[in-house]
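Before any comments, here is the structure.
None of the values given here were measured: they were computed from a predicted structure. Note that these values count all heavy atoms, side chains included, but never hydrogens, waters or copies made by symmetry.
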Amino acid sequence: MSIVVTGATGALGRLVVDALLATVPAGEVVAVVRDKEKAAALAARGVELRIADYDRPESLAGAFRSGDRVLLISGSEVGKRVAQHTAVIDAAKTAGVAQLAYTGVLGGPDADFTLADEHKATEQLILDSGLPYTFLRNGWYTENYTANLASVLEHRAVLANAGEGRVASATRADYAAAAAAVLTGDGHLNTAYELSGDTAWSLAEYAALLSELTGEEIPYKNVPAAAHQEVLVGAGLPEGFAAILVDVDEAIGRGRLAGTSGDLARLIGRPTTPLAETVRAALPAA
């Protein structure tokens with residue numbers, strides 16, 4: 001039996017492998033990757049590589065073994081994910097894996113925003129497969145905001161169409177630690193976890209935090225959805241992806257990413273990483 005991480009060279013996948021290697025021998029960990037060269041650092045740490053591609057179902061035939069515990073990290077290409085995930089699920093079922101964990105979205109079947117559609121479809125496919133499952137319904141990543149700090153600091157504003165909605169975000173490392181916990185522990189089969197940060201915060205509070213940490217006045221500017229869409233497209237985002245982000249902000253305004261179930265902290269055995277800690281680390285050095 002091995003613990004298998006798909007998408008292991010991605011931003012989340014690498015962190016999951018790191019978390020696994022902190023608790024189990026490298027010989028028990030397998031990374032499913034598209035590019036062997038990109039995964040060279042994982043191989044150097046003793047992790048077995050299996051080369052496969054979500055877009056080539058035939059390549060997944062050798063990705064899994066009977067009894068493996070598998071983490072399916074959702075694909076990054078919105079609009080292609082159901083087909084990609086179907087290929088992984090089919091291969092996992094054929095192999096007879098002991099567990100298929102999946103990184104979905106907070107709210108699961110109750111999530112009512114566009115970005116959730118493919119996640120909900122994937123969860124249903126897994127249920128229909130009959131495989132023992134664990135649903136890791138990840139909330140919003142704090143890094144979704146800190147990755148854009150350069151633009152926020154340049155324009156001296158936090159721009160969104162989320163109104164007064166709140167976000168219970170956590171870091172990728174927090175979510176990765178939860179994935180490692182369910183892959184290495186017992187009692188997680190046929191269970192869904194609603195994963196989010198311990199504290200929900202508003203974008204006005206985020207802007208106030210940035211103002212405090214930088215010494216500059218950085219207000220939160222709540223704008224209409226159409227205006228936000230125009231700004232994002234003007235900044236170079238494809239129209240479709242910009243529309244998804246605008247739709248997520250609308251969902252935040254409805255409270256859909258504010259849930260604080262405590263599942264994440266319980267799984268990782270510690271409080272989730274505070275917003276201020278992540279922001280402080282992401283700010284450019286003075």
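Between Thr272 and Ser196, the shortest heavy-atom contact is CG2-O, 3.9 Å. Of all heavy-atom pairs between Ile218 and Ser211, the closest is N-OG, 2.9 Å. Across Asp53 and Ser59, no two heavy atoms sit closer than the pair N-OG, 2.9 Å. Across every non-hydrogen atom of Val16 and Ala179, the tightest pair is CG2-CB, 4.1 Å. For the pair Thr260 and Ala168, the tightest heavy-atom approach, listed with the atom from each and the gap, is CG2-CB, 3.7 Å. Of all the heavy atoms in Ala91 and Leu60, the pair that sits closest is CB-O, 3.6 Å.
Arg254 and Asp112 are joined by a salt bridge, as a carboxylate oxygen and a charged side-chain nitrogen come within less than 4.0 angstrom of each other. Taking the charged nitrogens against the carboxylate oxygens, Asp68 and Arg65 have no contact shorter than 4.0 Å, which rules out a salt bridge. Taking a cutoff of 4.0 Å between a charged side-chain nitrogen and a carboxylate oxygen, Lys80 and Glu118 do not qualify as a salt bridge. At a threshold of 4.0 Å, the pair Asp110-Arg256 does not count as salt-bridged, since none of the basic side-chain nitrogens sits closer than that to a carboxylate oxygen.
Partners of Asp35 under the side chain to side chain donor-acceptor pair (under 3.5 Å) rule, at least two apart in sequence or in another chain, do not exist in this structure. By the ring-ring contact (aromatic ring centres under 6.0 Å, His included) test, Tyr175 pairs with Tyr141, sequence neighbours left out. For Phe64, there are no ring-ring contact (aromatic ring centres under 6.0 Å, His included) partners, not counting sequence neighbours. With sequence neighbours excluded, the residues that form a salt bridge (Lys or Arg N to Asp or Glu O under 4.0 Å) with Glu216 are Arg156. Residues satisfying the side chain to side chain donor-acceptor pair (under 3.5 Å) criterion with Glu205, sequence neighbours excluded, are Arg166.
At a threshold of 4.5 Å between non-hydrogen side-chain atoms, the residues Leu195 and Arg137 do not count as touching. Considering only heavy atoms from C-beta on, Leu71 stays 4.5 Å or farther from Leu100 through its side chain. Residues Glu48 and Val29 fail the side-chain proximity criterion, which asks for heavy atoms closer than 4.5 Å. Put simply, the side chain of His188 reaches to within 4.5 Å of the side chain of Tyr193, judged on heavy atoms. Between Arg69 and Val97 there is no side-chain heavy-atom pair separated by less than 4.5 Å. Looking only at side-chain heavy atoms (C-beta outward), Met1 and Glu28 stay at 4.5 Å or farther from each other. For the pair Leu213 and Val279, the minimum side-chain heavy-atom distance is below 4.5 Å. Contact of the Asp247 side chain with the Ile244 side chain is not registered, since no non-hydrogen atoms from C-beta on lie closer than 4.5 Å.
Residues Leu203 and Leu232 do not share a hydrophobic cluster, defined by chaining ILVMFWY side chains whose heavy atoms lie under 4.5 Å apart. Hydrophobic clustering (side-chain heavy atoms under 4.5 Å, transitive across Ile, Leu, Val, Met, Phe, Trp, Tyr) groups Val24 together with Val182. Tracing side-chain contacts under 4.5 Å through hydrophobic residues (I, L, V, M, F, W, Y), one never reaches Val246 starting from Ile252; they form parts of separate clusters. In terms of hydrophobic clustering, with Ile, Leu, Val, Met, Phe, Trp and Tyr side chains grouped at heavy-atom distances under 4.5 Å, Val78 and Leu237 are assigned to different clusters. Grouping the Ile, Leu, Val, Met, Phe, Trp and Tyr side chains by contacts below 4.5 angstrom, directly or via other members, places Val152 with Leu209.
Leu72 CG to Leu125 CG: the interatomic distance, rounded to the nearest 0.5 Å, is 10.5 Å. From Tyr54, atom OH reaches atom OG of Ser76 across 9.0 Å, with rounding to the nearest 0.5 Å. With rounding to the nearest 0.5 Å, the separation of CD1 in Ile73 from OG1 in Thr6 is 5.5 Å. Rounding to the nearest 0.5 angstrom, the gap separating the CG atom in Leu106 from the CH2 atom in Trp140 is 11.0 Å. For the atom pair OG1 (Thr273) and CZ (Arg172), the distance works out to 13.0 Å, reported to the nearest 0.5 Å.
Under the 30°/60° scheme for interplanar angles, the aromatic rings of Tyr102 and Phe135 are found to stand perpendicular.
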Report the C-alpha separation of Glu123 and Lys120 in whole Å, then their side-chain angles, then the decisive distance to 0.1 Å, and conclude whether the side chain to side chain contact (heavy atoms under 4.5 Å, CB included) test is met.
CA-CA 5 Å; Glu123 285 196 4; Lys120 292 190 288 186; 5.8 Å; no

Check the pair Val47, Val17 against side chain to side chain contact (heavy atoms under 4.5 Å, CB included), reporting the backbone distance first and the verdict last.
CA-CA 9 Å; Val47 174; Val17 173; 4.2 Å; yes

Run the numbers on Leu149 and Leu283 for side chain to side chain contact (heavy atoms under 4.5 Å, CB included), then give the verdict.
CA-CA 7 Å; Leu149 271 178; Leu283 285 170; 4.0 Å; yes

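Between the side chain of His119 and the backbone N or O of Gly108, no donor-acceptor pair lies under 3.5 Å. With hydrogens and angles disregarded, a donor-acceptor distance shorter than 3.5 Å links the side chain of Asp174 to the backbone of Thr171. Remark: the backbone N or O of Asp263 is paired with a side-chain donor or acceptor of Ser261 at under 3.5 angstrom. Ser151 places no side-chain N or O within donor-acceptor distance of the main-chain N or O of Asn148, the cut-off being under 3.5 Å.
Counting heavy atoms of neighbouring residues, nucleotides and ligands inside a 6.0 Å radius, atom CD of Glu239 does not exceed 12 of them. Annotation: Glu217, atom CD; neighbour count of heavy atoms from other residues, nucleotides and ligands within 6.0 Å does not exceed 12. Glu164 CD: 12 or fewer foreign heavy atoms inside a 6.0 Å radius.
For residues 201-260, the pairs satisfying ring pair (Phe, Tyr, Trp, His ring centres under 6.0 Å) are Tyr145-Trp201, Tyr145-Tyr206, Trp201-Tyr206, with sequence neighbours left out.
Under the side chain to side chain contact (heavy atoms under 4.5 Å, CB included) rule, Leu183 has a single partner from Val70, Ile3, Leu136, which is Ile3. Just one residue in the list Lys221, Gln229, Glu250 forms a side chain to side chain donor-acceptor pair (under 3.5 Å) with Asn161, and that residue is Glu250.
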